[in-house]
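Quantities reported herein were computed from a predicted structural model and do not represent experimental measurements.
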Amino acid sequence: MGKLAVGALRAVLLVVLVGTVLVQALMVWTLVSGRDPEDGSLPLTALRVITILGMVSVQVAVVCVGRLVAMVRRGTVFSHAAFRYVDGVIGAIVAAALVWFAVTIVNAPGQRDDPGVTVIMGCIGVAILGVALIVYVLRMLLAQAVARDAEASQLQAELAEVI
């Protein structure tokens, strides 16, 4: 992976991390300050709490991807240590899907006249879970690559003994 690509990805990850922290801080400030402008049209307090939890899932994914990028840069991504970060990304995506389903549930009573919006939101949640499944498949490919790398190292050691 080139230095430019790594630098660009790190910059994007940093912007996302700082942005999510700012959103969380503003949401917490609104909740704690008592100046919640909830007018009853939407349960804004519940949506703010859900947003704070959603930002945590994004932050976990960003940190895990950042660690994986560092491993790629060092050439150590094909090791068992990478699995915990990939598992972290999968867990963060599943958590994001659950947060999205919570948003769908909170929003559903306001959509009684047009339940199609709730159905679409539910389908988006299922699509988010689909992304988690795609990352899980990539994890299985990583497991195969790690196993092949270990096997190649063992065969190379045996060949070195023979020679």
task = Would you mind listing every ring-ring contact (aromatic ring centres under 6.0 Å, His included) that reaches into residues 82-108, with sequence neighbours excluded?
result =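 Sorted result for residues 82-108: H80-F83.
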Any side-chain heavy atom of [X] sitting closer than 4.5 Å to one from [Y]?
| X | Y | answer |
| --- | --- | --- |
| L159 | Q156 | no |
| L13 | L17 | no |
| M27 | V49 | no |
| R67 | R84 | no |
| L138 | V86 | no |

Nearest non-hydrogen partners of [X] and [Y], listed with the distance:
| X | Y | answer |
| --- | --- | --- |
| C64 | G88 | SG-CA, 3.8 Å |
| M71 | A82 | CE-N, 3.6 Å |
| L129 | A97 | CD2-CB, 3.5 Å |
| V77 | L142 | O-CD1, 3.8 Å |
| S79 | V146 | N-CG2, 3.7 Å |
| V99 | G54 | CG1-CA, 3.9 Å |

note = Applying side chain to side chain donor-acceptor pair (under 3.5 Å) to D149 and not counting sequence neighbours gives none
Shared ILVMFWY cluster between [X] and [Y], side chains joined below 4.5 angstrom?
| X | Y | answer |
| --- | --- | --- |
| V131 | V103 | yes |
| V65 | V56 | no |
| V89 | F78 | yes |
| I93 | V137 | yes |
| V62 | V12 | yes |

Would you compute the distance between atom [atom1] of [X] and atom [atom2] of [Y] and round it to the nearest 0.5 angstrom?
| X | Y | atom1 | atom2 | result |
| --- | --- | --- | --- | --- |
| N107 | I105 | CG | CD1 | 11.0 Å |
| T30 | R48 | OG1 | CZ | 5.0 Å |
| L68 | L9 | CG | CG | 10.0 Å |
| L98 | I128 | CG | CD1 | 10.0 Å |

request  = Applying side chain to side chain contact (heavy atoms under 4.5 Å, CB included), run through M55 and I52 and close with a yes or a no.
outcome  = CA-CA 5 Å; M55 293 298 109; I52 291 168; 5.9 Å; no
request  = For residues 151-163, pull every pair meeting salt bridge (Lys or Arg N to Asp or Glu O under 4.0 Å), keeping only residues two or more places apart or in separate chains.
outcome  = none
